[in-house]
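First up is the structure itself, then whatever we jot down about it.
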Amino acid sequence: MTEALFTPFAAGAIALQNRIVMAPLTRNRADDETGCVNDLHVEYYRQRAGAGLLITEATQISPVGKGYIQTPGIHSEAQVASWKRVTDAVHEAGGKIVVQLWHVGRISHNSLQPDGQAPVAPSAIAADSMTFTQAGFEKTSEPRALSVEEIAATVADFRHAAALAIEAGFDGVEVHGANGYLIDQFLKTGANQREDDYGGSIENRARFLFEVLDAVTDEIGGDRTGLRLSPFSPANGISDEDPQADFEYVVPKLNAYGLAYLHVVEGATGGSRELPEGQSFAALHALYEGPYMANNGYDRAMAIEAVRDGAADLVAFGRPFIGNPDLVDRLFRDAPLNEPDRDTFYGGGAKGYVDYPTLEDETA
Ligand code: 8OZ
């Protein structure tokens, strides 16, 4: 019997050949000046097109949305043209690909911002976090609070990026609402101390997320829009007084959008799946009616079981996809996996990026 993990699935309007998703992975190999991707990205994503869905590395929607060196953008025509080569290659190889739309908010550094300005955030509260700059690994800078007019302009930047994503040939987008970046900063009390319509109650703190979703889904359709959340993750120095209550408000409201999927980082991003008493991602999943994508530390057995039991419709794998371009084939055959090399996760060239062998290469 073929396990459900290996069977097709319709994520909204996106028809997937299996339930295995390549998680968004920041790899810092884009051109730092232009934010364009290059031949290496074409090859990297093409090699991994056996996934049911590829989610690109986080991709900034505007120059101020950038927070690390050598991350790609999706706000200029040159970037669109560079991504078009990636989407063409993935489609030619039979895969599907969405671009992750990203605004880092306060997880940035003045040296990465236009004219060396301070990064922007809901409130002028620095994150206890680090980022990669030209000078190396540096503490994130103190941000300034966005005005209400700037919030509206940022929503418009998300809409513009979604339109450009379709122009670039993507099958859809994933809105990055996780890991302590701008949307998560609005959602959570540790980064949002606004006293206007965007701060205070969870209704207000979630306003920015829903304005972004309204704009993006109006532009390209809910059925081509995914959303990533990390309700309980402390990633990038984020914190919240009551994440269970906050996300019990947010998640049911997502049902109205008919999203392609909801992607949940279950626990601490890239870390523990354990949660304190009173916090539960299963309880949040129970409130959600659309396709649910699980992520965080899944292995083959966990993924098979999750899809078989209905705990997830889709399972995203991160690090295993770095070292195994043919991960779906390897999981299907229960073959051994290559260990990814941490030293080449962030930055560099072809080494540790497009040179991992497939099973076929190993037996050739
Ligand atoms: C690792 C390094 C830099 C950025 C995320 C976009 O955590 C990221 C990221 C991960 O979502």
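The analysis underlying the following values was restricted to heavy atoms, covering all of them including side chains, and did not include hydrogens, waters or symmetry mates. All ligand and atom numbering here is 1-based and tracks the order in the structure.
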Would you check if there is a donor-acceptor pair between the side chains of Asn295 and Arg228 at a distance under 3.5 Å?
yes
More than 12 non-hydrogen atoms from neighbouring residues, nucleotides or ligands closer than 6.0 Å to CZ on Phe332, yes or no?
no
For a quick check under 3.5 Å, do Asn110 and Glu142 share a side-chain donor-acceptor pair by atom type?
no
Should Asp334 and Arg300 count as an ion pair when the cut-off is N to O under 4.0 Å?
yes
What side-chain hydrogen bond (donor to acceptor under 3.5 Å, both in side chains) pairs are there with at least one residue in residues 117-130, not counting sequence neighbours?
Ser129-Asn236
Say whether His176 and Asp184, considering side chains only, have a donor N or O and an acceptor N or O under 3.5 Å apart.
no
What does the contact table look like for ligand 1 (nitrogen or oxygen on each side, cut-off under 3.5 Å)?
unit_1   : atom_1 : unit_2 : atom_2 : d
ligand 1 : 7 (O)  : Asn179 : ND2    : 3.1
ligand 1 : 11 (O) : His176 : NE2    : 2.8
ligand 1 : 11 (O) : Asn179 : ND2    : 2.8

